[in-house]
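Count residues from 1 along the sequence. These numbers come from a predicted model, not from an experiment.
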Amino acid sequence: MQNTNLKWQKACRILIFDILKMNSMTKLSVNINKLATLRNSRGSNVPNLITSTKDIESFGAQGITIHPRPDERHIRYQDARDLKKVVSTEYNIEGNPIPKFIDLVLETKPTQVTLVPDAEDAITSNAGWDTIKHKDFLVDVIKTFKESGIRTSIFVDPDVEMVKAAAETGTDRIELYTESFAETFAKGNKKGSIAPFVAAAKMAQEVGLGLNAGHDLSLDNIKFFKEHIPNLLEVSIGHALICESIYLGLENVVNMYLDRLK
């Protein structure tokens with residue numbers, strides 16, 4: 001019965017995927033963790049995340065991403081609840097699906113939940129899921145979220161076997177972990193930087209998974225990435241976008257990304 005359900009889900013994903021790819025523009029979801037870090041550093045409410053979120057959406061961003069961690073060192077769990085009331089575009093909550101996180105996502109019901117296997121003491125996300133080793137766990141967690149009508153995505157490395165196995169979990173999408181692309185691209189090896197991601201993207205298409213990407217994408221590399229990755233639905237960008245905004249202004253930078261993602 002489980003195999004039959006998975007085959008049916010795969011067929012539905014492929015159909016939905018074919019419809020979505022008719023729109024070639026990749027959506028930009030802005031990760032506001034760094035704004036929360038800045039706010040927390042002074043113990044006040046500046047910058048105000050509610051106001052910032054409304055502004056970012058008014059500048060053209062098609063989504064807002066947050067990644068609450070157990071120690072709440074940037075985004076707090078209460079932020080996730082408060083933001084749910086004001087986000088008018090897509091709302092994406094990332095995190096390691098520990099019980100506390102699962103409860104938060106089921107309470108707030110974002111548009112999408114992105115599952116990331118980061119350790120509690122990790123400074124930032126540093127690896128994708130082993131979707132073969134953790135398949136049973138992911139199947140159970142994804143089933144829980146999908147029963148509540150929440151779109152699911154799994155953070156994975158650009159490994160075709162991990163992508164192929166991800167399709168067996170029942171997830172709607174994967175998010176490619178792009179740090180290795182950004183590092184290799186910055187060294188001038190453009191061809192080498194993109195090759196494994198193209199292969200992973202093609203495998204995602206073959207098994208009917210929607211494709212997102214994120215981590216260390218920036219104004220310097222995003223256009224090249226977008227041009228070479230087929231059927232890229234969404235990118236989640238935070239650290240680089242906020243750093244670039246210090247020099248160029250938040251509205252300017254959001255629109256610069258949107259231009260590169262056309």
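In this structure, Phe101 and Val113 approach most closely via the heavy-atom pair CE2-CG2, 3.8 Å. In terms of heavy-atom proximity, Ala199 sits nearest to Val160 at O-CG1, 3.6 Å. Residue Ala201 comes nearest to Ile229 through the heavy atom pair CB-CG2, 3.8 Å, listed as atom of the first residue, atom of the second, then distance. The nearest pair of heavy atoms linking Ser218 to Ala240 is CB-CB, 3.8 Å.
Judged by distance alone, the side chains of Asn252 and Glu244 never bring a donor and an acceptor atom under 3.5 Å apart. If you check the side chains of Thr89 and Glu57, you find a donor sitting under 3.5 Å from an acceptor. In the model, Asn48 has no side-chain atom that pairs as donor or acceptor with a side-chain atom of Arg39 under 3.5 Å. Side chain to side chain, Thr184 and Asn189 fail the donor-acceptor criterion of an N or O pair below 3.5 Å. Judged purely by distance below 3.5 Å, without hydrogens or angles, the side chains of Asp82 and Gln78 pair a donor atom with an acceptor atom.
Among the candidates Asn255, Val30, Leu241, the single residue satisfying the side-chain contact (heavy atoms from CB on, under 4.5 Å) test with Leu250 is Leu241.
A salt bridge links Lys143 and Glu147; the closest N-O separation between the charged side-chain nitrogens and carboxylate oxygens is under 4.0 Å.
Looking only at side-chain heavy atoms (C-beta outward), Thr152 and Gln112 stay at 4.5 Å or farther from each other. A 4.5 Å side-chain heavy-atom check between Lys262 and Lys226 finds every atom pair outside the cut-off. By the 4.5 Å heavy-atom criterion applied to side chains, Leu35 and Ile56 are counted as neighbours. Side chains of Phe225 and Ser193 form no contact here, defined as non-hydrogen atoms less than 4.5 Å apart. By the 4.5 Å heavy-atom criterion applied to side chains, Glu168 and Lys135 are counted as neighbours. Looking at heavy atoms from C-beta onward, Ser153 lies out of side-chain contact with Leu115 at the 4.5 angstrom threshold. Two residues are said to be in side-chain contact when any heavy atoms from C-beta on lie closer than 4.5 Å; Ile64 and Asn92 fail this criterion. The shortest side-chain heavy-atom distance between Thr108 and Leu104 falls under the 4.5 Å cut-off.
In this structure Asp103 satisfies the side-chain contact (heavy atoms from CB on, under 4.5 Å) test with no other residue, sequence neighbours excluded. In this structure Met162 satisfies the side-chain contact (heavy atoms from CB on, under 4.5 Å) test together with Asp130, Thr131, Ile132, Asp159, sequence neighbours excluded.
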*asked:* Run the salt bridge (Lys or Arg N to Asp or Glu O under 4.0 Å) test on Lys164 and Glu161 for me, step by step, so that the C-alpha distance in whole Å, both residues' side-chain angles and the decisive distance to 0.1 Å come before the verdict.
replied: CA-CA 5 Å; Lys164 189 186 300 183; Glu161 294 304 318; 3.8 Å; yes
*Please test Asn221 against Asp216 for side chain to side chain contact (heavy atoms under 4.5 Å, CB included), starting from the C-alpha separation and ending with a verdict.*
CA-CA 9 Å; Asn221 60 38; Asp216 286 350; 5.8 Å; no
*Might you work through the side chain to side chain contact (heavy atoms under 4.5 Å, CB included) test for Asn212 and Val235, ending with a clear yes or no?*
CA-CA 6 Å; Asn212 299 339; Val235 292; over 6 Å; no
*asked:* Using salt bridge (Lys or Arg N to Asp or Glu O under 4.0 Å), reason through Lys223 and Glu227 one step at a time and then give a plain yes or no.
replied: CA-CA 6 Å; Lys223 184 174 177 61; Glu227 288 175 343; 3.3 Å; yes
*Determine, stepwise, if the pair Glu90 / Glu234 fulfils side chain to side chain contact (heavy atoms under 4.5 Å, CB included).*
CA-CA 11 Å; Glu90 293 197 354; Glu234 175 184 296; 3.1 Å; yes
_Criterion side chain to side chain contact (heavy atoms under 4.5 Å, CB included) on Ile75 and Arg69, from CA distance to verdict_ = CA-CA 7 Å; Ile75 289 291; Arg69 287 184 165 83; over 6 Å; no
_Worked check of salt bridge (Lys or Arg N to Asp or Glu O under 4.0 Å) between Asp71 and Arg73_ = CA-CA 5 Å; Asp71 61 7; Arg73 63 180 179 269; 3.0 Å; yes
_Chi angles and distances behind the salt bridge (Lys or Arg N to Asp or Glu O under 4.0 Å) call for Lys84, Glu107_ = CA-CA 10 Å; Lys84 170 65 177 181; Glu107 176 189 347; over 6 Å; no
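With hydrogens and angles disregarded, no donor-acceptor distance shorter than 3.5 Å links the side chain of Ser245 to the backbone of Val253. Looking at Ser29, its side chain never comes within 3.5 Å of a backbone N or O of Ser236 through a donor-acceptor pair. A donor-acceptor pair is defined here as one N or O able to donate and one able to accept, closer than 3.5 Å; no such pair exists between the side chain of Lys54 and the backbone of Thr51. When atom types are taken as modelled, the side chain of Lys34 and the backbone of His74 share no donor-acceptor pair closer than 3.5 angstrom. Between the Asp55 side chain and the Ser52 main chain, no donor and acceptor come within less than 3.5 Å of each other. Not a single donor-acceptor pair under 3.5 Å links the side chain of Asn33 to the backbone N or O of Ile66. When atom types are taken as modelled, the side chain of Gln62 and the backbone of Leu28 share a donor-acceptor pair closer than 3.5 angstrom. Side-chain atoms of Ser148 never come within 3.5 Å of backbone atoms of Ile150 as a donor-acceptor pair (strictly under, hydrogens ignored). Looking only at distances, a side-chain donor or acceptor of Asn96 sits under 3.5 Å from a matching main-chain atom of Asp118.
Both cation-pi conditions hold for Lys100 and Tyr77: the charged atom is under 6.0 angstrom from the six-membered ring centre and inside a 45 degree cone around its axis.
A continuous path of ILVMFWY side-chain contacts below 4.5 Å connects Ile246 to Ile222, so both sit in one hydrophobic cluster. By the rule that hydrophobic residues join a cluster once side-chain heavy atoms approach within less than 4.5 Å of another member, Ile50 and Leu38 end up as members of separate clusters. A chain of hydrophobic side-chain contacts below 4.5 Å, direct or via other Ile, Leu, Val, Met, Phe, Trp or Tyr residues, connects Phe185 to Val198. Under a hydrophobic-cluster definition in which Ile, Leu, Val, Met, Phe, Trp and Tyr are linked whenever side-chain heavy atoms come within less than 4.5 Å, directly or via other members, Tyr247 and Leu219 are assigned to the same cluster.
Crowding of His239 atom NE2: a count of heavy atoms from other residues, nucleotides or ligands under 6.0 Å not exceeding 12. Within 6.0 Å of atom NZ in Lys190, 12 or fewer heavy atoms from other residues, nucleotides or ligands are found, so the atom counts as exposed in its surroundings.
Between Tyr177 and Phe155, the angle of the ring planes lies from 30° to 60°, which puts this pair in the tilted group. Note: Phe181 and Phe224 have parallel aromatic rings, judged against thresholds of 30 and 60 degrees for the angle between ring planes.
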